[in-house]
Amino acid sequence: MNHFHAKAEWIDGAWRGLVRYSHKADYWPVMSGERPAGYASREKALIAAYQAQEKHVNGTIRGFGDKVCAARAEAERLFRPGRKPVVVERARARPL
């Protein structure tokens with residue numbers, strides 16, 4: 001099973017947001033500092049769990065910002081509207 005999931009459960013007298021990541025088998029609580037965060041309502045815990053999941057997907061998984069930005073800048077340089085494309089020379093691979 002390789003998927004993400006977020007849920008809210010009543011644990012120890014408070015609602016806890018729990019997130020399951022694809023690379024981990026168990027649910028992990030949404031943390032507030034070094035302790036699991038407790039919420040007053042199920043909806044708030046569920047929103048926090050979905051936000052933690054979204055933060056993981058957009059930050060940890062897609063955390064190659066330098067490479068993405070460099071590729072985009074290169075593409076914009078090559079395909080500027082109304083201008084001639086810039087010729088980019090690539091370094092040749094060294095023979096083994």
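Trp10 and Trp28 are not part of a single hydrophobic cluster, where members link through side-chain heavy atoms under 4.5 Å apart.
Counting only heavy atoms from C-beta outward, the side chains of Val30 and Tyr39 approach each other to under 4.5 Å. Counting heavy atoms from C-beta outward, Leu18 and Glu9 have side chains that approach closer than 4.5 Å.
Here the shortest heavy-atom pairing between Ala49 and Ala6 reads CB-CB, 3.8 Å. Nearest heavy-atom pair, Trp15 versus Ala45, reported as atom, atom and distance to 0.1 Å: CB-CB, 3.9 Å. When all heavy atoms are compared, the tightest approach of Ala14 to Gly38 is CB-CA, 4.1 Å.
The local environment of NZ in Lys44 is sparse, with at most 12 non-hydrogen atoms from other residues, nucleotides or ligands closer than 6.0 Å.
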Next item on the list: Apply ring-ring contact (aromatic ring centres under 6.0 Å, His included) to the pair His5 and Tyr21, showing each step before the final yes or no.
Entry: CA-CA 7 Å; His5 190 252; Tyr21 299 121; over 10 Å; no
Next item on the list: Could you please spell out the steps behind the side-chain contact (heavy atoms from CB on, under 4.5 Å) verdict for His56 and Phe4?
Entry: CA-CA 10 Å; His56 173 71; Phe4 296 92; 3.6 Å; yes
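Looking at Arg16, its side chain never comes within 3.5 Å of a backbone N or O of Lys7 through a donor-acceptor pair.
Rounding to the nearest 0.5 Å gives a distance of 10.5 Å between CG of Leu46 and CD of Gln51.
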